[in-house]
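We name chains A, B, ... by the order of the sequence lines, and we start the count at 1 in each one.
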There are 2 protein chains.
Amino acid sequence: MVQAKPADRSGARSEAREETERLILDAAEKVFAERGFGGATMQAIAGASGLPKANLHYYFTSKETLYRRVVERIFTIWLDAAATFETSGTPEAALRRYITRKMALSRSHRYGSKVWANEVMQGAPIIQDYLETTLRDWTDTRIALIEGWIASGAIQPIEPRWLLYMIWATTQHYADFAHQIETLNQGTPLSDAQWDNATETVCTIILRGIGLDCARDSP
Amino acid sequence: MVQAKPADRSGARSEAREETERLILDAAEKVFAERGFGGATMQAIAGASGLPKANLHYYFTSKETLYRRVVERIFTIWLDAAATFETSGTPEAALRRYITRKMALSRSHRYGSKVWANEVMQGAPIIQDYLETTLRDWTDTRIALIEGWIASGAIQPIEPRWLLYMIWATTQHYADFAHQIETLNQGTPLSDAQWDNATETVCTIILRGIGLDCARDSP
DNA sequence: ACCAGAGCTGACCATTCAGTCAAGTTTGAT
DNA sequence: ATCAAACTTGACTGAATGGTCAGCTCTGGT
């Protein structure tokens with residue numbers, strides 16, 4: 001039987017292999033994002049990557065394997081962004097940094113965000129364990145952190161959990177609902193200036209909303 | 001050929017028909033929500049509604065027709081909620097009312113929200129015209145309204161468009177990402193108290209975030 | 001120059017899909 | 001009770017899907 005895991009004895013070979021895999025993963029990410037797992041077809045992914053369908057099965061044993069790899073890659077990127085919500089620094093710095101990073105991610109990884117959204121909407125059949133371990137742990141520590149801010153009087157008392165959801169929702173909305181946003185923007189993608197302005201607006205409302213930045217804006 | 005549009009000469013008949021249609025639409029909404037248009041199968045919808053597949057095609061000529069009806073029904077509900085963002089009243093009252101209504105909708109119509117999200121993520125193949133007409137008009141009038149609030153000094157100067165997106169994103173997140181939220185809530189749905197608390201928190205952050213409810217007021 | 005193994009692909013297969021249809025059953029007006 | 005129209009459904013069909021495979025080409029180490 002043909003194996004998809006050859007020894008990587010040759011540097012040039014394995015490099016070319018990685019490149020092809022990335023090509024397929026990129027195409028798959030886009031197709032899965034727009035049509036969901038069930039709606040996506042290997043033929044469509046093949047078309048988007050410019051490769052014959054049989055070639056996809058040479059690199060990825062099944063549609064589910066390919067989907068799994070796509071989702072895992074996205075989770076890695078999410079983790080990188082999550083790390084920017086540092087436990088040190090002022091509340092304002094931590095939140096501003098995290099929101100800004102997540103907004104940038106929504107612009108650069110629109111399809112990844114959509115795949116994640118699709119996966120969760122379907123009940124997270126693949127990533128359920130991530131949600132219960134990594135995501136839950138991350139969330140718990142940040143909630144504890146925010147509770148500390150509240151206890152010290154740095155920010156107003158609000159339920160930290162709903163604040164986090166608000167940040168996730170708002171930032172990811174710019175990726176998941178990009179089409180709607182573009183339609184309401186005369187059918188054109190947001191400009192650099194609009195992205196900056198949106199990011200700043202989100203930061204301002206969130207920060208002021210939890211009691212930071214309140215006295216500063218209106219002199 | 002069998003027609004799906006008989007004369008409604010009999011009251012009892014047409015009533016039963018409407019009931020069956022609603023049964024199918026409810027089942028279809030759930031399946032389309034969880035699997036998207038392409039991932040949903042008529043067989044699955046049949047199973048969810050407890051009817052044989054052939055019966056579905058008696059009431060709805062095609063899968064696309066059924067999907068269209070589901071989406072249209074959701075849009076109607078969205079319009080009802082949108083109407084609660086009244087152009088009269090104080091900013092606080094209008095926003096609070098609208099956010100509360102949208103949060104309630106996310107709880108009562110989880111699947112509808114997901115279908116809408118799926119549709120937009122796929123590039124709005126069915127509802128594109130709604131986005132360009134009804135939604136754009138609604139958005140424009142509310143933006144003008146909010147700009148008026150800013151001009152009069154009632155709220156702080158923020159870009160109204162991003163505020164609206166923030167409200168949509170946050171409220172709909174509770175429907176679209178319900179599974180993730182439940183997983184982070186020990187695998188149980190949010191309680192009445194949690195819904196109330198989340199709604200209140202969202203209102204508080206948004207209102208304070210735009211300069212209402214803040215300790216300092218404009219002169 | 002050689003050649004083993006990696007990479008590639010057209011043609012094929014079993015399964016599942018949306019949609020059809022003919023042969024039924026139920027219903028309500030008369 | 002009658003009957004025509006509305007409703008129901010198991011069995012079917014052509015098309016599309018995920019996946020396979022035999023046989024081809026290309027490549028790098030010798």
If you count the non-hydrogen atoms of other residues, nucleotides and ligands that lie under 6.0 Å from NZ in A:K30, is the total more than 12?
no
Compute the centroid of each ring, for B:W116 and then for B:W168, and state whether the two points are separated by less than 6.0 Å.
no
Under 4.0 Å between any heavy atoms, over every strand shown, what does B:T20 touch: base, sugar-phosphate, or nothing? Just pick one.
nothing
Quick one: which of D:dT8, D:dG19, C:dG10 gets closest to the side chain of B:N55?
D:dT8
Verify the ring-centre separation between A:W138 and A:Y98: is it less than 6.0 angstrom?
yes
If you take atom types as modelled and just measure distance, does the side chain of A:K53 reach the base of D:dG19 with a donor-acceptor pair under 3.5 Å?
yes
When the distance from CD of B:Q43 to P of C:dG19 is rounded to whole Å, what number comes out?
13 Å
For the pair made of OH in A:Y59 and P in D:dG18, what is the distance, rounded to whole Å?
20 Å
Need one value for A:A40: base, sugar-phosphate or nothing, where a base atom within 4.0 Å counts as base even if backbone is also close, heavy atoms only.
sugar-phosphate
Taking only the side-chain nitrogens and oxygens of A:R17, find out if one of them lies under 4.0 Å from OP1 or OP2 of C:dG7.
yes
What's the closest nucleotide to the side chain of A:A54 if the choices are D:dG10, C:dG19, C:dG10?
C:dG10
Looking at A:Y58, I'd like to know whether one of its side-chain N or O atoms comes within less than 4.0 Å of OP1 or OP2 on D:dT20.
no
Quick one: OH on A:Y174 to CD1 on A:I181, what's the gap to the nearest 0.5 Å?
5.5 Å
